[in-house]
Amino acid sequence: MDMKKRVLFLIVFLGITSFKSVGSATAYLNCVSESGRTAFKAEIQDIDGGLEKAELTIDGVKLNFTEEDNSNIIFDSKNGVFTIAIESNPSKGFSKYRFLKFWAIPKSFKTIIENNTEGKYEFRAKMYSTEPRKGKDLQTPEIEMNCELKYKI
């Protein structure tokens, strides 16, 4: 193979493996409780694909999740359904077990923008999770938040 073909092959290979597919986008979820003490942020591949990362903050104490954790996400804007369930990988042992359950309140779900290249939604949601703060119960109480979910291709 001559040098030009090798360079062309390398460029094509890098081009194919370096970019997300057309129509692929990261969705950004941002939620805050009425008191402002609790915030939940998540980045989700293709709005209902896998979790890229998530962060729950309560009173300044953080609980982080990554794409290595097990996650299930359901999104149906027509019916106001958006749920996220995350559990830490069981191989890390029970002492390091973490979870988060999150769901939109369907009656509150509003579509602001929805077309082939972008979406923006606002809704109230409830969640509970592993308690990140020391000296508390193992699980948080159910927390209600105001949320915005958006993506753009």
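If you read the sequence from its start, that first residue is 1, and numbering goes on from there. Atom set for the values below is all heavy atoms of this structure, side chains included, hydrogens, waters and symmetry mates excluded. From a predicted model like this one, the values you see are computed outputs, not experimental measurements.
- Annotation: side chain of Leu56 is in contact with side chain of Met127 (closest heavy-atom distance under 4.5 Å).
- Put simply, the side chain of Ser33 gets close to the backbone of Thr38: a donor and an acceptor are under 3.5 Å apart.
- Side-chain contact check for Arg98 versus Leu63: some heavy-atom pair is nearer than 4.5 Å.
- Proximity of Asp46 to Tyr151: side-chain heavy atoms (C-beta onward) are nowhere separated by under 4.5 Å.
- Between Phe40 and Phe102, the ring planes are tilted. Angles from 30° to 60° get that label.
- Remark: Arg37 pairs with Ser35, Asp59, Arg133 by the side-chain contact (heavy atoms from CB on, under 4.5 Å) rule, at least two apart or across chains.
- With hydrogens and angles ignored, the 3.5 Å screen pairs a side-chain donor or acceptor of Thr140 with a backbone N or O of Ser129.
- Of the N and O atoms on the side chains of Thr26 and Glu52, at least one donor lies less than 3.5 Å from an acceptor on the other residue.
- The existence of a salt bridge linking Arg124 and Glu34 is confirmed by a sub-4.0 Å separation between a basic side-chain nitrogen and an acidic carboxylate oxygen.
- Legend: residues meeting side-chain contact (heavy atoms from CB on, under 4.5 Å) with Glu67, ordered by chain and number and at least two apart, are absent.
- Considering only heavy atoms from C-beta on, Ile112 stays 4.5 Å or farther from Lys150 through its side chain.
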Practice prompt. Using the side-chain contact (heavy atoms from CB on, under 4.5 Å) rule, take Glu122 and Leu149 through it: C-alpha gap first, then chi angles, then the decisive distance, then the call.
Written response: CA-CA 6 Å; Glu122 293 176 350; Leu149 174 66; over 6 Å; no
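- Note that the CG atom of Asp137 and the OG1 atom of Thr130 stand 12.5 Å from one another [nearest 0.5 Å].
- Of all the heavy atoms in Pro106 and Ala104, the pair that sits closest is CD-O, 3.2 Å.
- In this structure, a donor-acceptor pair under 3.5 Å is present between the side chains of Glu114 and Ser77.
- Contacts of Phe75 classified as ring pair (Phe, Tyr, Trp, His ring centres under 6.0 Å), with partners at least two apart in sequence or in another chain: Phe82, Tyr121.
- Between Phe99 and Gln139 there is a side-chain heavy-atom pair separated by less than 4.5 Å.
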Item to complete: Show the numbers, then the answer: is there a side chain to side chain donor-acceptor pair (under 3.5 Å) between Tyr97 and Glu87?
Response: CA-CA 7 Å; Tyr97 177 77; Glu87 288 185 308; 2.7 Å; yes
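- Nearest heavy atoms, Ala25 versus Lys152: CB-O, 3.5 Å.
- Interatomic distance, CZ of Phe65 versus CG of Leu100, reported as 5.0 Å (0.5 Å rounding).
- Salt bridge absent: Glu118 and Lys120 never bring a charged side-chain N and a carboxylate O closer than 4.0 Å.
- Sorted by first and then second residue, the pairs that involve residues 106-153 and meet disulfide (SG to SG under 2.5 Å), not counting sequence neighbours, are Cys31-Cys147.
- Between Glu131 and Lys136, none of the side-chain N atoms (NZ, or NE/NH1/NH2) sits under 4.0 Å from a carboxylate O, so this pair counts as no salt bridge.
- Summarising the local packing, NZ of Lys53 is surrounded by 12 or fewer heavy atoms from other residues, nucleotides or ligands at distances under 6.0 Å.
- Here Asp76 contributes atom CG and Ile74 contributes atom CD1; the two are 9.5 Å apart, rounded to the nearest 0.5 Å.
- Sequence neighbours left out, not one pair with a member in residues 54-89 passes disulfide (SG to SG under 2.5 Å).
- Note that the CG atom of Leu51 and the OG1 atom of Thr66 stand 7.5 Å from one another [nearest 0.5 Å].
- Note that NZ of Lys126 and OG1 of Thr83 are 15.0 Å apart. Values are rounded to the nearest 0.5 Å.
- Under the side chain to side chain donor-acceptor pair (under 3.5 Å) criterion, no residue pair touches residues 102-113, with sequence neighbours excluded.
- The minimum heavy-atom distance between Ile86 and Ile84, with the atom names listed, is CG1-CG2, 3.6 Å.
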